[in-house]
2 protein chains.
Amino acid sequence: MATLKDVARLAGVSASTVSRTLSGNIHVDEQTQQKVWAAIKELKYKPNILAKSLKEGRTNTVALIIPNIRNPIFPAVTRGAEDTARKNGFTLILCNTDEDLSVEKDYIDKLTNRWVDGFIFATARDDSSHIMELKAQGIPVVFMIRSIDNHSDTVTVDNRGGAYKAADYLISRGCTKIAFINGPLDIDLYRQRLDGYKNALKEHGIPIDDRLIVNDVNDQDNGYHAMLNLLDKGIKMDAVFAASDPKAVNAIKAIKSRGLSVPGDISVIGFDDLDIATIIEPSLTTIAQPAYDIGTTAMDTLIRLIDGHKNAMPIVLDTHLVVRQSVR
Amino acid sequence: MATLKDVARLAGVSASTVSRTLSGNIHVDEQTQQKVWAAIKELKYKPNILAKSLKEGRTNTVALIIPNIRNPIFPAVTRGAEDTARKNGFTLILCNTDEDLSVEKDYIDKLTNRWVDGFIFATARDDSSHIMELKAQGIPVVFMIRSIDNHSDTVTVDNRGGAYKAADYLISRGCTKIAFINGPLDIDLYRQRLDGYKNALKEHGIPIDDRLIVNDVNDQDNGYHAMLNLLDKGIKMDAVFAASDPKAVNAIKAIKSRGLSVPGDISVIGFDDLDIATIIEPSLTTIAQPAYDIGTTAMDTLIRLIDGHKNAMPIVLDTHLVVRQSVR
DNA sequence: ATAATGATTGCAATCGATTGCAAAGGGGTG
DNA sequence: CACCCCTTTGCAATCGATTGCAATCATTAT
């Protein structure tokens with residue numbers, strides 16, 4: 001591979017002149033430039049980005065830390081992040097942690113040392129002291145999907161409002177006994193969705209029945225047995241709000257497996273608007289969250305941070321109801 | 001951030017000694033090491049990987065070039081690639097190209113210059129002269145999913161064999177008029193699947209009816225209207241082999257929309273074994289390809305290449321039949 | 001003719017590591 | 001006591017760029 005010096009030698013100038021010709025900031029004589037460009041072309045010179053980054057203290061590389069790209073919400077988020085990274089001349093490093101703290105710390109350790117310019121975290125764990133340490137070191141950090149505190153840059157969706165919309169819609173369709181299949185409450189977004197659900201019921205004067213609320217649904221089962229349990233306990237219900245589309249799909253399957261119909265006997269509404277929402281039968285009415293936009297917004301925020309615009313603030317994106325056929 | 005020199009100064013030794021203490025290859029006096037480690041701890045020294053990479057000519061970073069992470073086959077592949085990258089101390093750069101040649105070239109340009117140690121390509125386009133140029137420059141390259149030629153490192157699945165299994169299974173279940181919903185033939189994997197389909201029919205003495213074969217199914221529609229067309233033309237058939245699970249799902253929807261039942265009237269078999277295969281009703285019998293393993297194998301191959309083991313050869317992974325309920 | 005001005009260009013330091021070579025110091029042997 | 005060898009350590013070059021400072025040269029004003 002040809003280096004700056006090789007080009008300089010061939011063009012009969014100094015390395016500085018070649019560098020300046022390349023950068024374009026400083027005036028270089030027209031004729032000299034010609035010679036330099038000719039030499040560059042002849043040698044097929046490409047600048048060594050490592051050397052450049054070392055000198056400039058910037059790599060134009062960012063890391064995206066997510067639990068698992070196989071979780072169906074993340075491909076869209078990731079794609080959004082990568083697209084805006086690329087548009088701004090950044091490359092993206094993808095890190096799956098499975099929410100494993102040691103993996104996350106390993107990645108941080110490895111990528112910190114003047115190597116990536118910033119991080120986006122989408123992990124849901126509540127303990128994030130190690131991330132705060134990063135921030136304290138002055139490394140740009142953006143949180144995505146989960147919120148952390150009010151003085152960090154975060155990009156989330158309005159989970160409370162979304163959940164409210166879901167419950168409100170069910171109620172507007174005449175449902176009153178609405179079960180809620182939720183995720184574990186140590187993840188803030190599930191706490192918020194629970195909040196929104198409760199708010200909607202309260203505002204409509206519907207009593208909250210704790211027997212209809214299932215939190216701690218684990219990721220493997222993802223609601224199937226939770227739903228079965230609810231049904232088999234004989235608790236009366238006319239609707240189910242599932243805190244994610246996969247949970248809604250499993251709820252539908254469970255309901256059908258007991259010989260009941262959706263939405264005839266029980267209406268089901270989800271949260272996400274994934275592809276599977278149109279594949280399940282009946283197609284799933286759900287609260288859409290702008291997954292792709294979460295990615296773009298988070299990356300935009302991170303890049304602003306890297307470029308020195310300090311404007312720590314939470315950004316909350318909106319959700320909207322997508323009506324399909326799973327609610328009567 | 002503390003540098004090697006800072007540590008050296010604090011420990012009262014030279015930078016070389018610190019470096020050697022860190023690397024561990026060369027003997028350093030026990031007492032000196034103690035001092036060095038103490039200084040490292042006190043300053044929270046972390047080596048600057050950029051400087052190290054520049055000196056060593058190696059970054060321990062690889063690029064994964066795929067069409068689109070939102071295509072449901074890629075999350076698993078990507079996860080496989082990243083997991084084995086991480087296990088081997090590499091980090092992974094993710095690049096989505098949408099099969100756009102200029103995006104792909106941009107990425108290659110940007111990442112080539114002594115910046116990433118190697119590439120994995122999963123793009124399907126037939127023109128790959130720019131990639132061959134990369135290889136010619138001595139940069140490690142592995143192809144994945146699509147095959148390129150016989151003297152490159154490639155990781156693919158046995159598409160011919162998989163398609164054969166699919167058709168063979170349908171025939172064993174008594175089907176004889178088997179439609180084939182396939183992708184565009186300028187992608188080699190669809191050519192191979194077509195081959196396997198034809199082979200199976202031939203071996204069982206079933207004539208090939210070209211009216212039952214639809215290639216060029218585009219990605220938006222993904223088989224829905226193709227299937228509708230086939231049905232509406234009144235061509236008799238008792239089974240459909242779709243060259244991907246999404247196509248199979250759309251075929252099922254199309255068949256149902258005409259009032260026919262799956263598998264009662266028409267059996268359907270897919271190719272992939274994605275999550276959606278268990279969500280559609282009836283659940284989809286399909287040919288499973290080891291998406292995760294494709295990723296791990298490709299990354300393993302790439303890393304061997306980077307480490308200097310030159311052993312260019314195609315690796316073909318096996319598929320297997322997953323029986324569910326869409327075939328009678 | 002001389003000084004001042006501005007445009008080009010090169011020198012050399014710098015970013016933060018790694019490593020070959022040589023020097024210094026200690027111990028053992030003849 | 002002199003010599004040699006081995007261990008430990010430091011010096012300085014190197015990886016490939018960028019950039020402040022100074023030098024050179026031509027041009028213009030006085």
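These values consider heavy atoms only, across backbone and side chains, with no hydrogens, waters or symmetry-generated copies. Every chain is numbered from 1 and lettered A, B, ... according to where its sequence line falls, protein lines coming before strand lines.
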Which pairs, protein N/O on one side and nucleotides 23-25 of chain D N/O on the other, fall under 3.5 Å?
none

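- With 3.5 Å as the limit, one finds no donor-acceptor pair spanning the side chains of Thr91(B) and Asn60(B).
- Across dT18(C), dT8(C), dG16(C), the shortest atom-to-atom separation from the side chain of Leu54(A) is found for dG16(C).
- The side chain of Val28(B) lies closest to dT9(D), out of dT18(D), dG16(C), dT9(D).
- Applying the ring-ring contact (aromatic ring centres under 6.0 Å, His included) test to residues at least two apart or on different chains, none of the pairs has a partner in residues 23-77 of chain B.
- Looking at Asn159(A) and Tyr190(A), their side chains never bring a donor and an acceptor atom within 3.5 Å of each other.
- Among the atoms of the strands shown, only primed sugar atoms or phosphate atoms (P, OP1, OP2) are found under 4.0 Å from some heavy atom of Thr3(A).
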Could you list, one pair per line, each protein nitrogen or oxygen that sits under 3.5 Å from a nitrogen or oxygen of nucleotides 10-13 of chain C, together with the distance?
residue	atom	partner	partner atom	Å
dG10(C)	OP2	Ser14(A)	N	2.9
dG10(C)	OP2	Ser14(A)	OG	3.0
dG10(C)	OP2	Thr17(A)	OG1	2.5
dG10(C)	N7	Arg20(A)	NH2	2.8
dG10(C)	O6	Arg20(A)	NH2	2.8
dC11(C)	N4	Ser16(A)	OG	2.7

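- A side-chain donor-acceptor contact under 3.5 Å links Asn48(B) to the backbone of Leu50(B).
- Among the heavy atoms of the strands, none lies under 4.0 Å from Ser23(A).
- With dG16(C), dT8(C), dT18(D) as the candidates, the nucleotide lying closest to the side chain of Leu4(A) is dT18(D).
- With contacts defined as side-chain heavy-atom distances shorter than 4.5 Å, the pair Phe119(A)/Val62(A) does not qualify.
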